[in-house]
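All remarks here apply to the structure that follows.
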Amino acid sequence: MSLGFGHLARVGHLYPSGGLCDYELQQMAPDGLQFITTRLPFRRTGIADDLRLVEDLEGHAELLADAGVGLVAVNCTAATMLAGPARVRERVEQATGIAAVTTIEAVLAALVAAGITRPALLTPYPAEVVAAEVTYLRDHGVEVATHRGPPCATPVEQALVEPAHWRDLAAGLDPATIDGVLLSCAGIRIAPELDRIEQSLGVPVVASNQALLWHVLRALELPDRPVGYGELLAGRFDAAAPTG
């Protein structure tokens, strides 16, 4: 019998205001881990909008502190990448006294753990954000082999892409030319397709919300590893994960 939400831990979740997929973390999370969401202003998907998302980061993080959370997760892959993850964490921690994690750091740690250095990048970002991410990943030792995905102008559009569309895009990849798949964006519906994509291609798959949950579980030293959402989250790569 369930002991109810939050008996293992409560995590504050800072998420884009126009995003529709904040539920994915809770959907994949083990019983007893509760995500409490506060929104950050975000209506369009370009670089300027990503940077504006974190302008009042401290005020929104302080609202989560009121709920007695033990960790704050700043969940927007592009925004945490562009604003600088170390600085984002520092701002949250200085404002609240609570440790923080970011999506882009979770994604990078997951890629390292899974041994992915040449992924196919599937994402709904506009071209300028795709270019910024490709460069960022290259600077961190990850060379994007190919990119696919519809360039969505708003976070609502991102969420309206059917999960099967991502599976179909992945089905067109040549697994001989890649060593993994990165589904980059916390605003896409992808959780139900992660296992199917891995099984069809035979390479590991990392997705933003999946990687962030995995990172949170490790940060909180929680042993449960949910199954059905890819080998990363099931714990296959935990021993290879970077620490700190």
Side-chain angles (χ1 to χ4, degrees), residues 11-29 33 35-47 49-54 57 60-61 64 71-85 88-89 92 100-111 119 121-126 129-130 132-133 136-137 147 149-163 165-166 169 181-194 197 205-219 226 229-230 232-233:
V11 177
H13 184 208
L14 290 170
Y15 189 78
S17 61
L20 305 182
C21 300
D22 48 321
Y23 69 87
E24 276 212 341
L25 287 175
Q26 195 68 68
Q27 175 185 353
M28 295 185 287
L33 177 60
F35 285 89
I36 300 169
T37 299
T38 288
R39 299 269 170 158
L40 298 168
F42 189 66
R43 300 175 183 88
R44 297 191 64 80
T45 58
I47 286 177
D49 303 276
D50 283 314
L51 292 173
R52 276 193 291 269
L53 179 139
V54 297
L57 185 63
H60 294 87
L64 290 172
L71 183 71
V72 174
V74 186
N75 189 13
C76 179
T77 317
T80 55
M81 171 189 71
L82 292 164
V88 168
R89 283 191 288 104
V92 171
V101 294
T102 68
T103 319
I104 190 61
E105 288 170 306
V107 166
L108 288 174
L111 292 172
L121 176 64
L122 306 185
T123 176
Y125 299 149
V129 180
V130 173
E133 182 166 27
Y136 187 91
L137 291 171
H147 161 256
C152 298
T154 71
V156 172
E157 288 180 25
Q158 292 175 340
L160 293 180
V161 177
E162 290 295 330
H165 181 72
W166 301 109
L169 285 179
V181 175
L182 172 57
L183 287 140
S184 181
C185 183
I188 61 173
R189 293 178 290 152
I190 192 58
E193 300 295 340
L194 294 173
I197 294 172
V205 172
V206 170
S208 291
N209 283 327
Q210 170 220 41
L212 182 59
L213 175 58
W214 170 78
H215 200 55
V216 164
L217 292 172
R218 293 176 62 243
Y229 304 109
L232 173 76
L233 198 48

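- With values rounded to the nearest 0.5 angstrom, T45 atom OG1 is found 12.0 Å from L53 atom CG.
- Between the CZ atom in F35 and the CG atom in L212 there is a gap of 6.5 Å [rounded to 0.5 Å].
- Closest approach of M28 to A191, counting heavy atoms only: SD-CB, 3.8 Å.
- Using a 4.0 Å cut-off between charged side-chain N and carboxylate O, R189 and E162 make a salt bridge.
- Side-chain contact annotation: Y125 with S184, donor-acceptor N/O pair under 3.5 Å present.
- Nearest approach of P16 to C76, heavy atoms of both residues: CG-CB, 4.0 Å.
- Within the 4.5 Å cutoff, the side chain of L33 has heavy atoms near those of the L217 side chain.
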- Task: Starting from the C-alpha separation in whole Å, work towards a yes-or-no answer on side chain to side chain contact (heavy atoms under 4.5 Å, CB included) for V11 and I36.
- Result: CA-CA 6 Å; V11 177; I36 300 169; over 6 Å; no

Using side chain to side chain contact (heavy atoms under 4.5 Å, CB included), reason through L51 and I47 one step at a time and then give a plain yes or no. CA-CA 6 Å; L51 292 173; I47 286 177; 4.2 Å; yes

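- Of all heavy-atom pairs between A132 and L82, the closest is CB-CD2, 4.0 Å.
- For the pair V181 and V206, the minimum side-chain heavy-atom distance is 4.5 Å or more.
- With rounding to the nearest 0.5 Å, the separation of CG in L111 from CG in L137 is 7.0 Å.
- In this structure, I188 and P124 have side chains that are in contact, with non-hydrogen atoms separated by less than 4.5 Å.
- In this structure, the side chains of V216 and V101 come closer than 4.5 Å at one or more pairs of heavy atoms.
- In this structure, CG on L108 lies 5.0 Å from OH on Y136, to the nearest 0.5 angstrom.
- The two residues A100 and R89 have their closest heavy-atom pair at O-CD, 3.2 Å.
- Within the model, atoms CG of L64 and CG of L14 stand 5.0 Å from one another, a figure rounded to the nearest 0.5 Å.
- Without hydrogens or angle criteria, Q27 side chain to Y23 main chain gives no donor-acceptor distance under 3.5 Å.
- The closest side-chain heavy-atom distance from V161 to C152 is below 4.5 Å.
- Side-chain atoms of Q158 never come within 3.5 Å of backbone atoms of G19 as a donor-acceptor pair (strictly under, hydrogens ignored).
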Show your working on side chain to side chain contact (heavy atoms under 4.5 Å, CB included) between L183 and I197 and close with a plain yes or no. CA-CA 11 Å; L183 287 140; I197 294 172; 4.1 Å; yes

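- E157 places a side-chain heavy atom less than 4.5 Å from the side chain of T154.
- Here the side chains of L121 and E133 are in contact, with some heavy-atom distance below 4.5 Å.
- The main-chain N or O of S208 is never found under 3.5 Å from a side-chain atom of T103 such that the two would form a donor-acceptor pair.
- The nearest pair of heavy atoms linking A186 to T77 is N-OG1, 3.8 Å.
- Residues Q210 and I190 are not in side-chain contact: their nearest non-hydrogen atoms beyond the backbone lie 4.5 Å or more apart.
- In plain terms, the two heavy atoms of P226 and A29 that are nearest each other are CG-C, 4.5 Å.
- In terms of the side-chain contact (heavy atoms from CB on, under 4.5 Å) criterion, residue partners of T37 (sequence neighbours excluded) are, by chain and number, H13, Y15, D22, R39.
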